[in-house]
Amino acid sequence: MKIATWNVNSLRVRLPHVLNWLGQERPDVLAVQETKMTDPEFPVAELAEAGYRSVYSGQKTYNGVAVLSKLDPCDPITDPADFDDPQRRILAVTVADCRIVNLYVPNGGEVGSDKYAYKLNWLAKMRNCLRLELERHPRLVVLGDFNIAPEDRDVYDPESWREKILCSTPEREAFRALLDLGLTDAFRRFDQAEKSYTWWDYRLNAFRRNLGLRIDHILVSAPLAEDCLACRIDVEPRKLERPSDHAPVVAEFRA
DNA sequence: ATGGTCGAGCATCGA
């Protein structure tokens, strides 16, 4: 079982990259964020041609999440209780014996802004949702663009990012609070190269200089942590023409 | 201190 996450920054623009990557990597599940398209526009047929079923929760211009799966995804949830939110950032589905929660966590703008308050409130509500999901589904995967670099080693220049958005202490505490539910950061279960990142700003040749942050994550419940064989970042798609600013993250599981 | 690049959709916002 191979499960991946990728913020594609417009599925319309990135569909060729996504189809190529699915063809090479053949994950069982790909969670996508920032589709930036409405549901009627979703490229169901092209993905079906590639062997993937689509579940999606889209909106015009902003946000939008989807799960692409070889097997039929069931029991979708896009609007958990207490989330009165028109922004399409959440899509939970069940694939085989795994519950998969795909998240596009708010960016947060600047620390102290209204968007920042929205982000922290959103994360607090999400923690409650995930506690309930864990009660119902012992095999739980929570993945996506968290817009949080959990530790200084996940940041190319921790001092310049100190208490900035994506790195502030309240954001890191909110991330830690998700782990405290009984989730594990799959990437950190394995030896990894230093300076491993999933996002690089389009500006200033940031990717070429590896000025990145690790903000895309795959969190797994204890039974899945036991079964996790590998977790890696695939930087290859970030090298292509017209790339997303994010790289995919892939986790592999026994059976 | 500011902007730098993308994607959306047509001036500027969000990231």
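Throughout, a chain's letter reflects where its sequence line sits, starting with A, and its residues are numbered from 1.
- Using a 4.5 Å cut-off between side-chain heavy atoms of Ile, Leu, Val, Met, Phe, Trp and Tyr, with links allowed through other members, A:V142 and A:L30 fall into different hydrophobic clusters.
- For the pairing with A:I233, the side-chain contact (heavy atoms from CB on, under 4.5 Å) check across A:H246, A:R214, A:Q192 returns one residue only, A:R214.
- If you measure from atom CH2 of A:W200 to atom P of B:dG4, you get 23 Å, rounded to the nearest angstrom.
- Mapping A:D245 and A:K36 onto DNA chain B by nearest heavy atom places A:K36 at the nucleotide closer to the 5' end.
- Rounding to whole angstrom units, CD of residue A:E241 and C1' of B:dT5 are separated by 14 Å.
- Comparing B:dA1 with B:dC10, their C1' atoms are spaced 30 Å from each other, to the whole Å.
- Atom CG in A:N205 sits about 15 Å away from atom C1' in B:dG3, given to the nearest Å.
- The side chain of A:K60 lies closest to B:dG9, out of B:dG9, B:dA8, B:dG4.
- At whole-Å resolution of the value, CD in A:Q87 and P in B:dA8 are 17 Å apart.
- In this entry the distance linking CD of A:E34 with C1' of B:dC6 reads 11 Å, nearest Å.
- When each of B:dG4, B:dA8, B:dG14 is scored by its nearest atom to the side-chain atoms of A:K115, the top-ranked nucleotide is B:dG14.
- Not one side-chain nitrogen or oxygen of A:S10 sits closer than 4.0 Å to the OP1 or OP2 atom of B:dC6.
- Between B:dG7 and A:R242, a contact under 4.0 Å exists linking OP1 or OP2 to a side-chain N or O.
- For the pair A:R203 and A:N107, both in contact range of DNA chain B, the more 5′-proximal nearest nucleotide belongs to A:R203.
- For A:D234 and A:K239, the salt-bridge test fails: no basic side-chain N is under 4.0 Å from an acidic carboxylate O.
- Residues A:K125 and A:D85 are not paired through a salt bridge, judged by the lack of any N-O separation under 4.0 Å between the basic side chain and the carboxylate.
- Atom CG in A:D114 sits about 15 Å away from atom C1' in B:dG14, given to the nearest Å.
- A salt bridge is absent between A:D145 and A:R89; no separation between the charged side-chain nitrogens and carboxylate oxygens falls under 4.0 Å.
- Spacing of P atoms, B:dA11 relative to B:dT5, comes out at 22 Å, to the nearest Å.
- Taking atom CG on A:N63 and atom P on B:dC13, their separation rounds to 17 Å, with Å as the unit.
- Between A:K119 atom NZ and B:dA15 atom P the separation is 10 Å, expressed in whole Å.
- Of the side-chain N and O atoms in A:R14, one or more sit less than 4.0 angstrom from OP1 or OP2 of B:dG7.
- The side chain of A:T61 contributes an N or O atom lying less than 4.0 Å from OP1 or OP2 of B:dG9.
- The nucleotide whose nearest atom lies closest to any side-chain atom of A:Y202 is, among B:dA8, B:dC6, B:dG14, B:dC6.
- Residue A:F207 is classed as having no contact, given no heavy-atom separation below 4.0 Å to the nucleic acid.
- When the P atom is compared between B:dT2 and B:dC6, the two are found 23 Å apart, to the nearest whole Å.
- B:dG9 and B:dG14 are spaced 13 Å apart, taking the C1' atom of each and rounding to whole Å.
- Contact check on A:R238 versus A:D245 returns no salt bridge, with no Lys/Arg side-chain nitrogen under 4.0 Å from an Asp/Glu carboxylate oxygen.
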